[in-house]
Amino acid sequence: MVRAQFHRKKVASAWKILTRAYTSDATIPDVADTAFKQICRIMVSCPKVELDVRLDHSGVRISPEIVEDVLKRFRNAGMISYCFFEWAGKQHHYMHSVGAYHTMIESLAKIRQFPIMWDLVSNMRNKRILNVETFCIIMRKYARMQKVDEALYTFNVMEKYGISPNLAAFNGLLSALCKSKNVRKAQEIFDKMKERFETDSKTYSILLEGWGREPNLPKAREIFRQMIHVGCNPDIVTYGIMVDILCKAGRVDEALDVVRSMEAEGCRPTSFIYSILVHTYGVENRIEDAIDAFLDMAKNGVEADVAVYNALIGAFCKINKFDNVFRVLKEMDGKGVAPNARTCNIILNSLIRQEQTDEAFRVFRKMIRLCEPDADTYTIMLKMFFERDQTDMAMKVWKYMKNKKFVPSMHTYSVFINGFCEKGQVSDACVYMEEMIEKGMQPPILTFRKLRQLLLKEERHDVLKFLQEKMNLLVKEPLCT
């Protein structure tokens, strides 16, 4: 069977690759926590159908803290994290914390397992631990997937679950919509419901930022004026948003006026505001102004953080001054400011754009010793090597990522699978497509369609049927019921 052909590649290691999932900002638990490590070892080496038995036989004892740490570590690992969550909930003298529920709800929403997610909400209600933040999490996830009606439904259904919508929930709904570029809907809801809540500067700042993302500078100015008119004084967050909006609209001089006005109000600019100015000057190729803004920050007693340094690095990358980039990295080291994945990604993208791919790989090898790569970092490198027809190097990056216990994102999987498809390595593409589906990640339509066409071309109908059946096992998206 053709199915067996690519299954043989997985038999020995299929469940070893279910690695500890964590984001670049995840907190690593104490290494001395033997229970945590024992659970993780079981989860990376055991299929989910056997997980309950293996955990039972291990004799491991859990606590709310251990369960939360495991769920955070496996937040991208699909349904295997839910299997652990279910097992933990059945243990004696243990009850899930609110944090455990919230982490699990986020994980399920990410892989569109909405019926299970709402089951957990019902469980929280029965245990009387449901709160406003639960619904804010769900609203954010729905909005991010452009499910605007479902996000609004989540807000409206709160009272049926015994939770009264308050200003925090209202702000949560508006924020979810604005961050997903649905500011017009957010404004419509605000205009209809604002009398129900005593809106504050945060409410207006959310709308302000939303119109900035649109972008719609006249409307943003209107919200800013309206905010002052109703007696909500702008705070440092509001000022930062306004500076960002003006800079993105190419109104840097007007943004500087805002900075001066906030200083006159006794509100000192933050490193975030300086990072906006430095970044904007970099985008406009005004490198001298970018450097001056950076130096002004130091003169004003504001310490540079990684965001400001990243903005300066980006400015130098824009004009291909990579020697200056490495000088900035050296200064960061001297000041004790550690680079992050964003630092690495800015440099890598710039080098690749200049077709300096060998240098990009050298930087990648150096930077991974200084900071933890994120999904974008790995995706950048995988895409680069596939485009250079260096599949063997792409595999090395993939193996390194797995050895670092980092579970690929949906986009990273797609780049990897598409790379194999482009090279005609259909069996390899099938292996990782199955792995992706087993983690509970629904492949993007274009990725699955590309692989489907190749399988049909090679008349491998049995493999296509097998993968389609795997897809069908994923829980279908529910209506809001």
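What you see is a predicted model, and the numbers here were worked out from it, not measured in a lab. Note: hydrogens, waters and symmetry copies are ignored here, and every other heavy atom, side chains too, is used.
- Taking 4.5 Å as the limit, every side-chain heavy atom of I319 sits out of range of all side-chain heavy atoms of N324.
- No donor-acceptor distance shorter than 3.5 angstrom exists from the side chain of D376 to the backbone of D374, with no hydrogens or angles considered.
- A donor-acceptor distance shorter than 3.5 angstrom exists from the side chain of N403 to the backbone of K399, with no hydrogens or angles considered.
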Audit row: L108, K141, side-chain contact (heavy atoms from CB on, under 4.5 Å) steps and yes/no: CA-CA 10 Å; L108 290 167; K141 292 299 181 181; over 6 Å; no

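- Residue K318 places its NZ atom among more than 12 non-hydrogen atoms of other residues, nucleotides or ligands, all under 6.0 Å distant.
- For the ring pair (Phe, Tyr, Trp, His ring centres under 6.0 Å) test, residues two or more places apart in sequence or in another chain that qualify with H96 are F85, Y94, Y101.
- A donor-acceptor pair is defined here as one N or O able to donate and one able to accept, closer than 3.5 Å; no such pair exists between the side chain of S175 and the backbone of N171.
- Between R286 and D292, none of the side-chain N atoms (NZ, or NE/NH1/NH2) sits under 4.0 Å from a carboxylate O, so this pair counts as no salt bridge.
- Heavy-atom neighbours of H411 NE2 from other residues, nucleotides or ligands within 6.0 Å: at or below the threshold of 12.
- Looking at heavy atoms from C-beta onward, Q113 lies out of side-chain contact with Y82 at the 4.5 angstrom threshold.
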Apply side-chain contact (heavy atoms from CB on, under 4.5 Å) to I66 and V60, showing your working. CA-CA 11 Å; I66 291 173; V60 66; over 6 Å; no

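- By the 4.5 Å heavy-atom criterion applied to side chains, M393 and M381 are not counted as neighbours.
- Salt bridge absent: K179 and E209 never bring a charged side-chain N and a carboxylate O closer than 4.0 Å.
- Looking only at distances, no side-chain donor or acceptor of R362 sits under 3.5 Å from a matching main-chain atom of D358.
- H461 places a side-chain heavy atom less than 4.5 Å from the side chain of L456.
- The side-chain heavy atoms of H279 and L312, taken from C-beta on, include no pair separated by under 4.5 Å.
- Pairs passing the ring pair (Phe, Tyr, Trp, His ring centres under 6.0 Å) check and including a residue from residues 325-362, sequence neighbours excluded, read F361-F385.
- Summarising the local packing, CG of L295 is surrounded by more than 12 heavy atoms from other residues, nucleotides or ligands at distances under 6.0 Å.
- Remark: R327 does not engage D323 in a salt bridge, criterion side-chain N to carboxylate O under 4.0 Å.
- Not a single salt bridge (charged side-chain N to carboxylate O under 4.0 Å, His left out) links R54 to another residue, sequence neighbours left out.
- Two residues are said to be in side-chain contact when any heavy atoms from C-beta on lie closer than 4.5 Å; V325 and I346 fail this criterion.
- Take A429 and apply the side chain to side chain contact (heavy atoms under 4.5 Å, CB included) test, not counting sequence neighbours, and it matches I417, F420, C421, L451.
- Heavy atoms of other residues, nucleotides or ligands lying less than 6.0 angstrom from CZ of R251 number 12 at most.
- The side-chain heavy atoms of V67 and F84, taken from C-beta on, include a pair separated by under 4.5 Å.
- The backbone N or O of F386 lies less than 3.5 Å from a partner atom in the side chain of K423, making a donor-acceptor pair.
- Residue W398 is tested with F406, Y378, Y432 for a ring pair (Phe, Tyr, Trp, His ring centres under 6.0 Å); the sole match is Y432.
- For S271 (side chain) and A304 (main-chain N/O), no donor-acceptor pair under 3.5 Å exists by modelled atom type.
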Assess the residue pair I273 and I236 against the criterion (side-chain contact (heavy atoms from CB on, under 4.5 Å)); give the C-alpha distance rounded to whole Å, side-chain angles, the decisive distance to 0.1 Å, and a yes or no. CA-CA 9 Å; I273 290 176; I236 189 64; 4.1 Å; yes

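- Evaluation of the side chain to side chain contact (heavy atoms under 4.5 Å, CB included) rule for C83 yields K48, L51 as partners, not counting sequence neighbours.
- Only one option out of N310, T377, T379 pairs with N345 in a side chain to side chain contact (heavy atoms under 4.5 Å, CB included); it is T377.
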Going through the distances and angles, do D244 and K248 end up as a salt bridge (charged side-chain N to carboxylate O under 4.0 Å, His left out)? CA-CA 6 Å; D244 189 36; K248 286 177 178 174; 3.2 Å; yes

Carefully, step by step, assess F36 and E65 under the rule side-chain contact (heavy atoms from CB on, under 4.5 Å). CA-CA 10 Å; F36 172 84; E65 293 75 22; over 6 Å; no

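- Without hydrogens or angle criteria, N300 side chain to V302 main chain gives no donor-acceptor distance under 3.5 Å.
- Qualifying ring pair (Phe, Tyr, Trp, His ring centres under 6.0 Å) partners for F322, counting only residues two or more places apart in sequence or in other chains: none.
- Salt-bridge formation is detected for the pair R140/E133: a Lys NZ or Arg NE/NH1/NH2 atom is positioned less than 4.0 Å from an Asp or Glu carboxylate oxygen.
- Between R184 and W211, the closest side-chain pair of non-hydrogen atoms falls below 4.5 Å.
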